[in-house]
Amino acid sequence: MRKLVFATNNQHKTEEIRAALEGKYEVLNLEDIGCLVDIPETADTFEGNATLKSSYVVKHFHLDCFADDSGLEVEALNNEPGIYSARYAGSRDSLENIQMVLARLEGNPNRKARFKTVISLMLNSQNHIFEGIIEGTIRTALSGSKGFGYDPIFQPAGYEITFAEMDMAEKNKISHRAIALKKMLEFLKGI
Ligand code: IMP
């Protein structure tokens with residue numbers, strides 16, 4: 001069976017993709033192929049960073065690969081935190097990142113935001129890009145304890161609850177990541 005690397009160290013994400021591509025691709029993650037380096041994410045777009053990760057694997061391991069990069073874009077903050085989402089306040093502390101967004105938005109009536117995921121799939125050295133977006137708003141205070149990152153302040157459009165108040169199964173059906181992954185899976189199933 002054809003091998004496909006998912007440039008991630010997240011076992012949960014790997015299992016999800018493995019199940020979706022069962023019988024068609026053997027899905028391996030970075031640990032499986034012995035890639036122990038922290039692949040540099042030095043580009044200034046999600047697409048650039050996803051492509052840096054997927055191309056690194058192609059270059060060093062000669063295997064087809066896909067990688068994702070995600071973040072939160074807040075309209076009134078010129079789409080920040082964007083590619084800096086994981087470390088917006090300086091560390092990887094989600095609560096500090098959230099406080100930073102809330103402080104910068106204080107008193108601002110424009111609460112529009114979106115989560116975005118971009119996937120770069122390198123197949124036979126060709127880069128295929130898939131994007132997933134979910135629109136929503138930023139609350140004025142935290143609500144809910146599920147999920148991760150900015151989930152407690154993000155209310156997806158059409159809902160009265162935040163991502164952190166939503167069951168994981170429901171979030172995983174509508175999220176930016178789910179949308180981008182679905183596009184890639186449809187592409188892979190069609191070829
Ligand atoms: P990654 O590229 O998927 O690792 O995401 C980078 C950062 O964006 C994370 O560390 C989070 O701060 C934020 N982020 C991405 N996806 C989500 C989400 O579904 N909920 C909350 N925060 C997210």
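Indexing begins at 1, ligand by ligand and atom by atom, following the structure's order. Model, not experiment: these values are computed from the prediction. If you read the sequence from its start, that first residue is 1, and numbering goes on from there.
- Taking every heavy atom of Asp69 and a limit of under 4.0 angstrom, the matching atoms of ligand 1 come to 2 (O).
- Using a 4.0 Å cut-off between charged nitrogen and carboxylate oxygen, Lys3 and Asp32 do not count as a salt-bridge pair.
- The aromatic rings of Phe115 and His176 lie parallel to each other, their planes meeting at an angle below 30°, with 60° marking the opposite boundary.
- Proximity of Leu72 to ligand 1 is not established, as no heavy-atom distance is less than 4.0 Å.
- Within ligand 1, the atoms closer than 4.0 Å to a non-hydrogen atom of Lys171 are 18 (C), 19 (O), 20 (N), numbered from 1 in the order shown.
- Taking distance alone, with nitrogen or oxygen atoms compared against 3.5 Å, Asp68 stays at or beyond that limit from ligand 1.
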message = Run Asn127 and Ser120 through side chain to side chain donor-acceptor pair (under 3.5 Å) and show every step you take.
response = CA-CA 6 Å; Asn127 194 9; Ser120 154; 2.8 Å; yes

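- Atom 22 (N) of ligand 1 has its nearest heavy-atom neighbour, among Phe154, Tyr150, Phe163, in Tyr150.
- At least one protein heavy atom sits closer than 4.0 Å to atom 12 (O) of ligand 1.
- A salt bridge is defined here as a Lys NZ or Arg NE, NH1 or NH2 lying under 4.0 Å from an Asp or Glu carboxylate O, and Glu16 with Lys13 fails to meet this definition.
- Between Lys112 and Glu135, no side-chain nitrogen of the basic residue sits less than 4.0 Å from a carboxylate oxygen of the acidic one, so the salt-bridge criterion is not met.
- Of the protein's non-hydrogen atoms, Lys13 NZ, 4.8 Å is the one closest to atom 4 (O) of ligand 1.
- Residue contact check for ligand 1: Arg92 places no non-hydrogen atom closer than 4.0 Å to it.
- For atom 16 (N) of ligand 1, the nearest non-hydrogen atom of the protein is His176 NE2, 3.1 Å.
- Electrostatic pairing of Glu165 and Arg139 counts as a salt bridge here, judged by a charged N lying under 4.0 Å from a carboxylate O.
- Using a 30° and 60° split on the angle between ring planes, Phe61 and Tyr56 fall in the tilted class, from 30° to 60°.
- Against a heavy-atom cut-off of under 4.0 Å, Gly149 is close to the following atoms of ligand 1: 21 (C), 22 (N).
- Of the protein's non-hydrogen atoms, Phe115 CE2, 3.5 Å is the one closest to atom 23 (C) of ligand 1.
- Within the 4.0 Å heavy-atom cutoff, Gly71 counts among the residues contacting ligand 1.
- Under a 3.5 Å cut-off, the side chain of Asn10 and the backbone N or O of His12 do form a donor-acceptor pair.
- Protein heavy atom closest to atom 5 (O) of ligand 1, with residue, atom name and distance, is Ser70 O, 3.4 Å.
- A ring pair (Phe, Tyr, Trp, His ring centres under 6.0 Å) with Phe154 holds for exactly one of Tyr159, Phe163, Phe148; it is Phe163.
- Within ligand 1, counting atoms from 1 as listed, the ones closer than 4.0 Å to a heavy atom of Ser85 are 7 (C), 8 (O), 12 (O), 13 (C).
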